2 protein chains.
Amino acid sequence: MKSTIPDTGVPIAPPAANGGDRQEASLHGEILLRLRDYVVEGNIPEGARVPERQLCEMFGISRTPLREALKVLAAEGLIELLPNRGARVRQLGQRDLEELFDVMAGLESLAGRLACETITDAEITAIEQLHYEMYGHYLHRDMHGYFQANQRIHESIVAAARNETLKTAYANFAGRIRRVRYSANFARKRQRWAEAMREHEAILDALRRRAASELSDILFQHLRNKRAAAIEHLAEPEENAPASP
Amino acid sequence: MKSTIPDTGVPIAPPAANGGDRQEASLHGEILLRLRDYVVEGNIPEGARVPERQLCEMFGISRTPLREALKVLAAEGLIELLPNRGARVRQLGQRDLEELFDVMAGLESLAGRLACETITDAEITAIEQLHYEMYGHYLHRDMHGYFQANQRIHESIVAAARNETLKTAYANFAGRIRRVRYSANFARKRQRWAEAMREHEAILDALRRRAASELSDILFQHLRNKRAAAIEHLAEPEENAPASP
DNA sequence: GTTCACTATTTTGCATTCATTTTTTGTCAT
DNA sequence: ATGACAAAAAATGAATGCAAAATAGTGAAC
């Protein structure tokens, strides 16, 4: 086994030739989007080198636009550049995750604060709707549905902040921990699940009252709890984990 | 007059061949640092095209590493890429500034919250020291000194948060509005100056008590007030501004 | 004198090429 | 077999080359 990328047998196989029907004017832009997804989706193992040549063949492009995309991804913190040694997928240690979760907490906290200033009743109703939907998934133990509804609620709050800069930054950080968030299916812990539901109710309550700083506190604490659950999960990786060394 | 870059007469004149004695392994990395400074310092007028060829000559490199740096700066939001038309320095409208200030407010608010968890008495003392220094500049009407002390205080709070990710993000956003911050020497308004001093005292007070959410609120409001002053200043640009149209 | 059309020049985006550095492979001695 | 060393292969980083697009320049028509 040589390649770090799973070889499908087909030499040239773009993972999403234009799946999301998003169209970028420049080749560089398109490659950036596709490569980011490719990395975020975990197609290259953590800490592994990013094989330029192989990716070029896969995308059917030359190295120039790919390398430009790599530089951007490095600036975003998704990969890291080693001098004369190419790029490797950034390995997130526990400390990195703690930091990232805290920054996310700060951004969501800010989003809530700003949302209180301009959110409409209709928007709140929409979020309530999502909340009930999420509650349904909770009752049915549908973790995937729960997760999605949960994510949409948080995205709605960010959207209600009406700050494109914030939205972009939020998306950026969310991308960095996306992989971990999925793997950290903390939902197995029923207690945390119920707790999260209660917290979400508090969020909605504060939002209805437009209590900016209160909502800010609640959101921060909510994310902090998520962080604790995710980190805790990381510590005891899997049920059937063999003793390491 | 053809060039958008002020021609010093000397054709090849690197602005900082290695001024900050920072050394990057890759040419790309060095160019990124130098070009970022070059743009942030306002050497290219807002909205003007970024002249690749000229910059290449100036830095004495080929277009490849320069273009890589341009892609990164675009991702950072400092410049924007036009399809088949190169890059231009991003023009910040009033709305952009409001958004940026709010995000900065959120990050500082977060920094304060986190700082309360781990800040040492010694660190608080150091910030108090800066505060007194700033107060001295205030009394002497030394705007430049005041500004610097002020900035160092905010940086100290961010540092006390012990979160490298936050620190990096903060520096990134700070860079985007750096130019505007300088030009917006709101300090001419004595009233705002005095107000800022009072706010800083409240910040120190909350910090001493490790009152996390209170400090978070104060910092947010403090930045909001700064934002108001900066925007207000933008509206009435200069004392001797000729009628525009 | 202004406006439009057409050509020439420049600029941009990407591919290709080249010099180094790193990594792998191969050989030989221990 | 194992390790050290040397050569070969591959990769990286940056420069150069080339086709397409955009801009500037020129002149004719109104």
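These numbers were taken from a predicted model, which means no experiment stands behind them.
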Worksheet item: 5'-most contact on DNA chain C: P83(A) or G29(A), nearest heavy atom basis?
Response: G29(A)
Worksheet item: What's the CG-P distance between L70(A) and dA14(D), to the nearest Å?
Response: 13 Å
Worksheet item: Do I61(B) and I31(B) have side-chain heavy atoms sitting under 4.5 Å apart?
Response: yes
Fill in: Spacing between N84(A) atom CG and dT20(C) atom C1', to the nearest angstrom
8 Å
Fill in: Touch class at under 4.0 angstrom, heavy-atom based, for R53(A) against every strand present
sugar-phosphate
Show the distances under 3.5 angstrom between N or O atoms of the protein and N or O atoms of nucleotides 16-20 of chain D.
unit_1: dT16(D); atom_1: O4; unit_2: T64(B); atom_2: OG1; d: 3.4

Discussion item. Check this one for me: any side-chain N or O of R49(B) less than 4.0 Å away from OP1 or OP2 of dT12(C)?
Written reply: yes
Discussion item. Mind checking if L82(B) touches a base, just sugar-phosphate, or nothing, with heavy atoms under 4.0 Å?
Written reply: sugar-phosphate
Practice prompt. List the atom of A87(A), the atom of L81(A), and the distance in Å for their closest heavy-atom pair.
Written response: CB-CD1, 3.8 Å
Discussion item. With heavy-atom distances below 4.5 Å as the criterion, would you say the side chains of M104(A) and I177(A) are in contact?
Written reply: yes
Discussion item. Without decimals, in angstroms, what is the distance between E52(A) CD and dA15(C) P?
Written reply: 13 Å
Discussion item. From CG of L27(A) over to C1' of dT12(C), roughly how many Å is that when rounded to an integer?
Written reply: 13 Å
Discussion item. So L73(A) and R90(A), do their side chains get closer than 4.5 Å, heavy atoms only?
Written reply: no
Practice prompt. Using modelled atom types only, decide if a donor and an acceptor are shared between the side chain of E30(A) and the backbone of L27(A) within a distance under 3.5 Å.
Written response: no
Discussion item. Salt bridge check, R113(A) against D102(B): does any charged N sit closer than 4.0 Å to a carboxylate O?
Written reply: no
Worksheet entry | Lys/Arg N to Asp/Glu carboxylate O, E98(A) vs R224(A), below 4.0 Å | no
Worksheet entry | Pairing of R176(A) and E99(A) as salt bridge, 4.0 angstrom limit | no
Worksheet entry | L55(A) CG to dT12(D) C1', straight-line distance once rounded to whole Å | 14 Å
Worksheet item: What stems, by residue range, does DNA chain C take part in, given at least 3 consecutive Watson-Crick or G-U pairs under 3.5 Å?
Response: C:1-30 with D:1-30
Worksheet, complete the sentence: Whole-Å distance, L66(B) CG to dG13(D) P, equals 17 Å
Discussion item. Taking G86(B)'s backbone N and O only, do any of them form a donor-acceptor pair with E52(B)'s side chain (distance below 3.5 Å, no angle check)?
Written reply: no
Practice prompt. Give the rounded distance in Å between these two atoms: CD of E30(B) and C1' of dG13(D).
Written response: 14 Å
Worksheet item: Roughly, in whole Å, what's the span from CG in L81(A) to C1' in dA11(D)?
Response: 14 Å
Discussion item. Let's see if you can work this out: which of dA14(D), dT12(C), dA15(D) has an atom nearest to the side-chain heavy atoms of R67(B)?
Written reply: dT12(C)
Discussion item. Let me spell it out: for each of K71(B) and R85(A), pick the nucleotide of DNA chain C with the closest heavy atom. Which residue's pick is nearer the 5' end?
Written reply: K71(B)
